[in-house]
Amino acid sequence: MVKKIVIGLVFIAFLTGCLEDSKEIDQRTIVLGMGIDKIEEDEIQLSLQMPVVVRPMEGEGEIDHSEFVTFTAKASSLWEALTDLEAQTPTVLFFGHLKTVIISERLAKDGIDEVIDFIDRRSPIDNQVHLLIASDVEAILNSDSQLVFLPALYIERFFEAEQKLSRTDIVRLFEYRRDTNMISKSATIPLIYTENNLTIQNFAVFKDDKMVDILYGKEAGFSRLLKDEKLRNVNYTLPVPTTEGENVETSVSLHLNLDTSILQHQPPKFNLDIDGDIEFIHLKTEEVELTDELIIALKKELKKVIEEDILHTINKMQESHIEPWLFGHRIWVEEPEDFDEEQWLNNEWPITEFVINIDLEVEKIGQRGMLDKIKVGR
């Protein structure tokens, strides 16, 4: 038995040691980030970001060196640009650890179908690679600050960490391809900006692989709610009227869940049932006291502004004849034979009605105890 096991292990080692793509780490150049921009009408710029693994030699003193290097090439096509970049590196370019693909806003407005096909056909590239849109791709890939040692990894950690601000969310390659293959052929991709530091917020909206609009701030947050049916850490600061006729400035954080149902097909009408938890963050009042009346007034104000923000986000996409939240797909599932995609986007989606019901409960008041002490005795 032992002899058979030993022979089996030797046989496996023999097979794995003869893999055609088997290479030592020093024979590969690991690509972590990719940037794609359109320079001229017939010229594409491809940038690859790679970590620097060589450290200064001992005795050379303090030497300033970057954690990464970015190589750039321009050509008439992405494949030609990649060929030129491979000629600049002494080792084989390896895309198995690619984390992020950043596409320029200029290219996105012209269409990214060729870009998606390009990265999708590279067999080592994971279909969970992050997609982002930027106005300045080079500035993003070359960002260097105390918080950003390697931009491609920073972007990955940004989305993996729990955020205290619900706006954009991660969009992977397979998610974009899935969404654009749905009935409405629409999708969203996060926008990334660079000023003093990298900033990821807002959604670029795509239809037929072209960027046609942008969802800003809370619009992006409620876009996530309408699609994923949940939203965490959406923040509001608003004045709440009291029984004394004064307004108390209140800051809260909300966790929302959505249940969507179809009320009727013609004309389209949906029911949106939203329930959520309220967490008090700040209460601007001298006495720092929460009363039942104040909580009731807060719920009323929150329901009003949440409904307004949701309807505003929906109306914005209706005016653009874009529907990235799969409402049309729900109708198609129930009536596939009678559903017409063009009729839905051009005539039915712009007049679709929504009935919104909101139920909120206070989960945390954020008040562990009264800070004012009363002296006891003398």
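Keep in mind that what you see is a predicted model, and the values were worked out from it rather than measured.
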Can E361 and K299 be said to form a salt bridge (charged side-chain N to carboxylate O under 4.0 Å, His left out), step by step? CA-CA 8 Å; E361 295 296 334; K299 289 182 180 180; 3.6 Å; yes
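- When only modelled atom types and interatomic distance are considered, S47 and T72 share a side-chain donor-acceptor pair under 3.5 Å.
- Looking at Y176 and D209, their side chains do bring a donor and an acceptor atom within 3.5 Å of each other.
- The nearest pair of heavy atoms linking I36 to L107 is CG2-CD2, 3.6 Å.
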For M34 and L46, what are the C-alpha separation, side-chain angles and deciding distance, and is it a side-chain contact (heavy atoms from CB on, under 4.5 Å)? CA-CA 7 Å; M34 178 186 295; L46 176 64; 3.7 Å; yes
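- Taking the centre and axis of the six-membered ring of Y216, the NZ or CZ atom of K316 falls outside the cone set by 45° and 6.0 Å.
- Residues D277 and V362 are not in side-chain contact: their nearest non-hydrogen atoms beyond the backbone lie 4.5 Å or more apart.
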Run the side-chain contact (heavy atoms from CB on, under 4.5 Å) check on V333 and H329 step by step: do they pass? CA-CA 6 Å; V333 168; H329 209 84; 4.1 Å; yes
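- Minimum heavy-atom separation, A75 to A81: CB-N, 3.5 Å.
- Atom CD of E307 and atom CG of N357 lie 8.5 Å apart (nearest 0.5 Å).
- At distances below 3.5 Å, at least one donor-acceptor pair connects side-chain atoms of H255 with backbone N or O atoms of N233.
- In terms of modelled atom types and a separation under 3.5 Å, the side chain of E114 and the main chain of D117 share no donor-acceptor contact.
- Linking Ile, Leu, Val, Met, Phe, Trp and Tyr residues whenever their side-chain heavy atoms come within less than 4.5 Å places L226 and I356 in a single cluster.
- In this structure, NZ on K207 lies 11.0 Å from CE on M317, to the nearest 0.5 angstrom.
- Residues L298 and L238 share a closest heavy-atom pair of CD1-CD2, 4.2 Å.
- Judged by distance alone, the side chain of Q318 and the main-chain N or O of T352 form a donor-acceptor pair under 3.5 Å.
- A pairwise comparison of heavy atoms in M211 and F206 identifies N-CD2, 3.4 Å as the closest pair.
- Rounding to the nearest 0.5 Å gives a distance of 8.0 Å between CD1 of I116 and CG of D120.
- Tested against S184 for a side-chain hydrogen bond (donor to acceptor under 3.5 Å, both in side chains), the candidates H321, E323, E341 yield a single pass: E323.
- Closest approach of A108 and I103 over heavy atoms only: N-CG2, 4.4 Å.
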Report the C-alpha distance between Y236 and K218 in whole Å, list the side-chain angles of each, state the deciding distance to 0.1 Å, and finish with yes or no for side-chain contact (heavy atoms from CB on, under 4.5 Å). CA-CA 10 Å; Y236 275 99; K218 282 191 171 65; 3.5 Å; yes
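- Members clustered with F174: none, using a 4.5 Å side-chain heavy-atom cutoff among hydrophobic residues.
- Side-chain contacts under 4.5 Å among hydrophobic residues (ILVMFWY), followed directly or transitively, place L263 together with V355.
- Considering CD1 of I192 and CG of N202, their distance stands at 12.0 Å, rounded to 0.5 Å.
- Annotation: side chain of I262 is in contact with side chain of R330 (closest heavy-atom distance under 4.5 Å).
- Checked by atom type, the side-chain pair D273/N271 shows a donor-acceptor distance below 3.5 Å.
- Looking only at side-chain heavy atoms (C-beta outward), L191 and F203 stay at 4.5 Å or farther from each other.
- With hydrophobic clusters built from ILVMFWY side chains whose heavy atoms lie under 4.5 angstrom apart, I170 does not share a cluster with L326.
- E308 places no side-chain N or O within donor-acceptor distance of the main-chain N or O of V305, the cut-off being under 3.5 Å.
- Although no hydrogens or angles enter the test, the distance criterion places no donor-acceptor pair under 3.5 Å between the side chain of S223 and the main chain of E219.
- Contact of the F339 side chain with the I183 side chain is registered, since non-hydrogen atoms from C-beta on lie closer than 4.5 Å.
- For T180 (side chain) and R177 (main-chain N/O), a donor-acceptor pair under 3.5 Å exists by modelled atom type.
- Ion pairing between D179 and K227 holds under the 4.0 Å rule for side-chain N and carboxylate O.
- We find that D110 and K38 are joined by a salt bridge, their nearest charged nitrogen and carboxylate oxygen being less than 4.0 Å apart.
- Side chains of R172 and N127 form no contact here, defined as non-hydrogen atoms less than 4.5 Å apart.
- Surrounding CD of E40 are at most 12 heavy atoms belonging to other residues, nucleotides or ligands under 6.0 Å away.
- In this structure, CD1 in I358 is found 5.0 Å from CD1 in I306, a value given to the nearest 0.5 Å.
- Residue M182 is not grouped with residue L345 when hydrophobic side chains (ILVMFWY) are merged at heavy-atom distances under 4.5 angstrom, including chains of intermediate members.
- The side chain to side chain contact (heavy atoms under 4.5 Å, CB included) test applied to E342 returns D340, N346, not counting sequence neighbours.
- We find that K109 and E105 are joined by a salt bridge, their nearest charged nitrogen and carboxylate oxygen being less than 4.0 Å apart.
- Of the N and O atoms on the side chains of S253 and N235, at least one donor lies less than 3.5 Å from an acceptor on the other residue.
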So K230 and L258, side-chain contact (heavy atoms from CB on, under 4.5 Å) or not? Walk me through it. CA-CA 6 Å; K230 64 179 180 179; L258 170 66; over 6 Å; no
Would E175 and Q128 satisfy side-chain hydrogen bond (donor to acceptor under 3.5 Å, both in side chains), going step by step from the backbone distance to the final call? CA-CA 8 Å; E175 292 173 323; Q128 297 197 43; over 6 Å; no
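- Counting all heavy atoms, side chain and backbone alike, P324 lies closest to S186 at CA-CB, 3.9 Å.
- The closest side-chain heavy-atom distance from Q49 to V31 is not below 4.5 Å.
- A chain of hydrophobic side-chain contacts below 4.5 Å, direct or via other Ile, Leu, Val, Met, Phe, Trp or Tyr residues, connects L225 to F354.
- Atom CZ of F280 sits about 6.0 Å away from atom OG1 of T250, to the nearest 0.5 Å.
- With contacts defined as side-chain heavy-atom distances shorter than 4.5 Å, the pair F118/I44 does not qualify.
- Put simply, the residue from T260, L256, N257 that forms a side-chain contact (heavy atoms from CB on, under 4.5 Å) with E229 is T260.
- Under a hydrophobic clustering in which Ile, Leu, Val, Met, Phe, Trp and Tyr are joined whenever their side-chain heavy atoms come within less than 4.5 Å, directly or via other members, I125 and F71 fall into the same cluster.
- Looking only at distances, a side-chain donor or acceptor of N315 sits under 3.5 Å from a matching main-chain atom of L311.
- Using a 4.5 Å heavy-atom threshold, the side chains of P51 and L32 count as touching.
- Taking the six-membered ring where the residue is Trp, F327 and W349 present parallel rings, their angle staying beneath 30° rather than reaching 60°.
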